[in-house]
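Have a look at the structure below, then the notes.
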2 protein chains.
Amino acid sequence: MKTPGPDSQALEPVTKVSDATMREFFGYRMKRAFNVVQADLARTLKPFELRMLTCTALVLIVENPGLRQAQLADAMDMERPNLVVLVDELERRGLIRRDRMPNDRRAYALVATAEGRELCARAVAAVKAHEAALLRGVSPDLRAAAEDALNKIERRRPPG
Amino acid sequence: MKTPGPDSQALEPVTKVSDATMREFFGYRMKRAFNVVQADLARTLKPFELRMLTCTALVLIVENPGLRQAQLADAMDMERPNLVVLVDELERRGLIRRDRMPNDRRAYALVATAEGRELCARAVAAVKAHEAALLRGVSPDLRAAAEDALNKIERRRPPG
DNA sequence: TATTGTTATACTCTATAACTATA
DNA sequence: TATAGTTATAGAGTATAACAATA
């Protein structure tokens, strides 16, 4: 005796899509907010022909002249092979140089050129301005709380 | 008269990499924290052979039986072509069905199967538990503040 | 004409194994 | 033997144009 289960019910069309279940997850809210931030950042960096990753690499090289690629990859939480293309791109554009380290000829000392430092400064200023616009409506207290929470999560790393 | 500029200085090796400039950006902190959350989520969903996107799609279909692919894509903030492969995957595994809509034969009414609903419930429970573990150390007040900030950012969308 | 789902394509980000040259 | 950088490759996520079927 086979009665129609819920799978074979006639359905009325969905008018408003609910994501109540997903909204209980912090990760879901983070992803949605991050998508907005990331899209805004991409648009902001486009005039400089930078992306989030290339901009981050450039900033870190400017701030830490002489660091090795392995150090940069570690700081950016990415694998060494994936960093190579980013560094290639920045070098090809004349924004950074790969200098051989005198005492360890396997490694490169990454240094920004004058042009790289100048572009970096302009990009950082633009991002700062766009973030201020994006975060207007979020009070300083609330932003500080959010950053506190994000830092705590970041430092948590894989918990079993 | 060409004196050595800062580019050609001898550099002492970098011992500790500083990201002070990047840390001023909310987007940078978000990305770093999101990477941790995303990695944890991926590990949590692996036993169910789900990823963040397939899990989200499944949850939304379970919660909104009969919704169209275009509605689902809109709810997930993704392009229609990219959703097709996700829905293909869920359908191939027998977790959802694509029913033709009676009044609009262009569209599909997406419905979860019994198996899909059961897997969904187990996955949601697992994610809930893992998030609780990941967020232990973040007080409820702080978490609420962070979610408030994330929601405000999400609702902001592209600001010129 | 416009819309739904689809195909094809391309770009970005990520992850792993294996190689080279140095140490 | 171990490490720094590299190559090659593959899997995901994302974005756009163009198409067939239907409205």
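Protein chains get the first letters and strands the later ones, always in sequence-line order, with residue 1 at the start of each. Quick note: numbers below take in every heavy atom, side chains included, and nothing from hydrogens, waters or symmetry partners.
Salt bridge A/R23/B/E154: present, at least one basic N to carboxylate O contact under 4.0 Å. One finds no salt bridge joining B/R92 and B/D88 here, because no Lys/Arg side-chain nitrogen approaches an Asp/Glu carboxylate oxygen to under 4.0 Å. In summary, A/E89 and A/R51 engage in a salt bridge, as defined by a charged side-chain N under 4.0 Å from a carboxylate O. Looking at B/K128 and A/E24, a side-chain N of the basic residue comes within less than 4.0 Å of a carboxylate O on the acidic one, giving a salt bridge.
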Enumerate the protein-to-nucleotides 1-3 of chain C contacts in which both atoms are nitrogen or oxygen and the separation is below 3.5 Å.
from  : atom 1 : to     : atom 2 : distance (Å)
C/dT3 : O4'    : B/R106 : NH1    : 3.4
C/dT3 : O2     : B/R106 : NH1    : 2.8

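Remark: the backbone N or O of B/A20 is paired with a side-chain donor or acceptor of A/E63 at under 3.5 angstrom. No donor-acceptor pair closer than 3.5 Å links the side chain of B/T44 to the backbone N or O of B/H130.
Here the P atom of nucleotide C/dG5 and the CG atom of B/D74 are 12 Å apart, to the nearest Å. Rounded to an integer number of Å, the gap from B/N103 CG to C/dT4 C1' is 14 Å. Going from atom CG of A/D104 over to atom P of C/dA21 covers 16 Å, rounded to whole Å. Rounded to whole angstrom, the span from the CG atom of B/D88 across to the P atom of C/dA8 amounts to 12 Å.
Considering all non-hydrogen atoms of both residues, A/M78 and A/L83 come closest at CE-N, 3.7 Å.
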Legend entry - Criterion side-chain contact (heavy atoms from CB on, under 4.5 Å) on B/V17 and A/D74, from CA distance to verdict: CA-CA 9 Å; B/V17 178; A/D74 187 59; over 6 Å; no
Legend entry - Chi angles and distances behind the salt bridge (charged side-chain N to carboxylate O under 4.0 Å, His left out) call for A/R122, A/E49: CA-CA 12 Å; A/R122 287 195 293 125; A/E49 291 180 278; over 6 Å; no
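Across all strands shown, A/R98 has heavy atoms under 4.0 Å from sugar-phosphate atoms exclusively, and none from any base.
When each of A/L86, A/T56, A/L110 is checked for a side-chain contact (heavy atoms from CB on, under 4.5 Å) with A/L72, only A/L110 meets the rule. Between A/Y108 and the options A/Q69, A/R68, A/R100, a side-chain hydrogen bond (donor to acceptor under 3.5 Å, both in side chains) holds for only A/R100.
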Inset, instruction - At under 4.0 Å between heavy atoms, which parts of nucleotides 11-18 of chain C does protein reach? Answer with one letter per nucleotide, 5' to 3': B base, S sugar-phosphate only, - none. - result: -SSBBBB-
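Here chain B contacts DNA chain D (any atom closer than 4.0 Å to a heavy atom, that is under 4.0 Å), and the contacts span D/dA12 to D/dA23 from 5' to 3'.
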